[in-house]
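This report concerns only the one structure given below.
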Amino acid sequence: MKTIDMNNMKIIKVKNYEEMSQKAAKLVEAQVLVKRNSVLGLATGSTPEGMYQELAKKYRNDEVDFKDVVAFNLDEYYPISADNDQSYAHYMREHFFQHVNIQENNRNIPDGLNKDVQASCRAYDRALEAAGNVDLQILGIGTNGHIGFNEPDEHFAVGTHLVDLNEKTIQDNARFFEHIDEVPKQALSMGVGSIMHAKKIVLLASGKNKAEAIRAMVKGPVTPELPASILQMHQDITLIIDEEAASEL
Ligand code: F6R
């Protein structure tokens with residue numbers, strides 16, 4: 001493990017996915033030890049699966065207690081029911097919530113079914129604010145540089161909003177579906193503004209397919225065309241990336 005600083009970002013370079021997952025779980029554990037009622041911002045996708053497994057193990061071993069933790073997920077497909085196997089609500093139950101003791105009313109995920117999108121997005125933002133915003137935000141990164149589902153665009157979105165998924169994202173996420181046509185075309189996502197309000201951010205990346213996005217995020221200009229680049233402006237951002245994801249730095 002090697003730590004370097006680049007463009008205001010602390011970069012922890014680890015060997016592989018396992019080491020990334022263990023290191024990320026340790027940071028979450030430390031956050032919850034320091035502040036029992038931490039607000040955790042959570043991501044889905046392949047990247048944090050190992051971290052959730054490590055956290056579930058820590059919970060079983062009585063090393064961490066999530067009783068007072070509040071969780072806010074970054075995003076959800078739209079429209080989708082929370083019962084659908086492809087929903088992020090389902091992902092969170094499978095990979096994390098059913099293995100730990102985060103109370104049900106402290107688990108927040110954008111509502112994939114609410115027809116009044118504006119109202120449900122505003123309600124999500126208000127809930128986030130009422131909770132005091134995120135203490136520790138876990139992020140993955142898309143191969144196109146998206147964070148949450150903030151896709152490359154002409155401007156940065158502030159609050160929770162409905163997004164048309166980019167062709168690249170649909171292709172990348174097709175691996176979770178039987179056929180690419182089944183990938184939802186839209187999603188609800190926390191805005192870049194809300195993500196930037198988090199007190200601490202930890203971004204995880206593993207694998208060669210993330211190397212170019214990581215390079216552009218760390219070394220490129222800050223631009224909404226590569227949403228993750230705005231993280232250069234955050235005051236407490238740590239990347240935990242494996243050798244392959246770091247290979248273009
Ligand atoms: C998911 C999310 C996305 C993913 C990104 C990477 O909640 O916020 O930004 O982190 O698409 O996905 P994986 O980890 O599957 O490569």
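Numbering of ligands and ligand atoms starts at 1, following listing order.
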Worksheet item: Can you list the residues that meet the side chain to side chain donor-acceptor pair (under 3.5 Å) rule with Ser87, with sequence neighbours excluded?
Response: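 So Ser87 forms no side chain to side chain donor-acceptor pair (under 3.5 Å) with any residue.
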Practice prompt. Assess whether salt bridge (charged side-chain N to carboxylate O under 4.0 Å, His left out) is satisfied between Lys208 and Glu248, documenting all intermediate values.
Written response: CA-CA 9 Å; Lys208 189 85 192 136; Glu248 302 284 328; 3.7 Å; yes
Discussion item. Less than 3.5 Å apart, any donor N or O on the side chain of Ser206 or Glu244 sitting next to an acceptor on the other?
Written reply: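 No, no side-chain donor-acceptor pair sits under 3.5 Å.
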Hey, are [X] and [Y] close enough for a salt bridge, meaning a charged N less than 4.0 Å from a carboxylate O?
X      : Y      : result
Asp5   : Lys10  : no
Glu54  : Lys57  : yes
Arg215 : Glu212 : yes

Show the distances, to 0.1 Å, for all pairs joining an N/O atom of ligand 1 and a protein N/O atom that are shorter than 3.5 Å, listing one pair per line.
{"from": "ligand 1", "atom 1": "7 (O)", "to": "Thr44", "atom 2": "N", "distance (Å)": "2.9"}
{"from": "ligand 1", "atom 1": "7 (O)", "to": "Thr44", "atom 2": "OG1", "distance (Å)": "2.8"}
{"from": "ligand 1", "atom 1": "7 (O)", "to": "Asp75", "atom 2": "OD1", "distance (Å)": "2.7"}
{"from": "ligand 1", "atom 1": "7 (O)", "to": "Asp75", "atom 2": "OD2", "distance (Å)": "3.3"}
{"from": "ligand 1", "atom 1": "8 (O)", "to": "Asp75", "atom 2": "OD2", "distance (Å)": "3.0"}
{"from": "ligand 1", "atom 1": "9 (O)", "to": "His146", "atom 2": "NE2", "distance (Å)": "3.4"}
{"from": "ligand 1", "atom 1": "9 (O)", "to": "Gly148", "atom 2": "N", "distance (Å)": "3.4"}
{"from": "ligand 1", "atom 1": "9 (O)", "to": "Gly148", "atom 2": "O", "distance (Å)": "2.7"}
{"from": "ligand 1", "atom 1": "11 (O)", "to": "His146", "atom 2": "NE2", "distance (Å)": "2.7"}
{"from": "ligand 1", "atom 1": "14 (O)", "to": "Ser46", "atom 2": "N", "distance (Å)": "3.3"}
{"from": "ligand 1", "atom 1": "14 (O)", "to": "Thr47", "atom 2": "N", "distance (Å)": "2.9"}
{"from": "ligand 1", "atom 1": "14 (O)", "to": "Thr47", "atom 2": "OG1", "distance (Å)": "2.4"}
{"from": "ligand 1", "atom 1": "15 (O)", "to": "Ser46", "atom 2": "N", "distance (Å)": "2.9"}
{"from": "ligand 1", "atom 1": "15 (O)", "to": "Arg175", "atom 2": "NH2", "distance (Å)": "2.8"}
{"from": "ligand 1", "atom 1": "16 (O)", "to": "Lys210", "atom 2": "NZ", "distance (Å)": "2.7"}

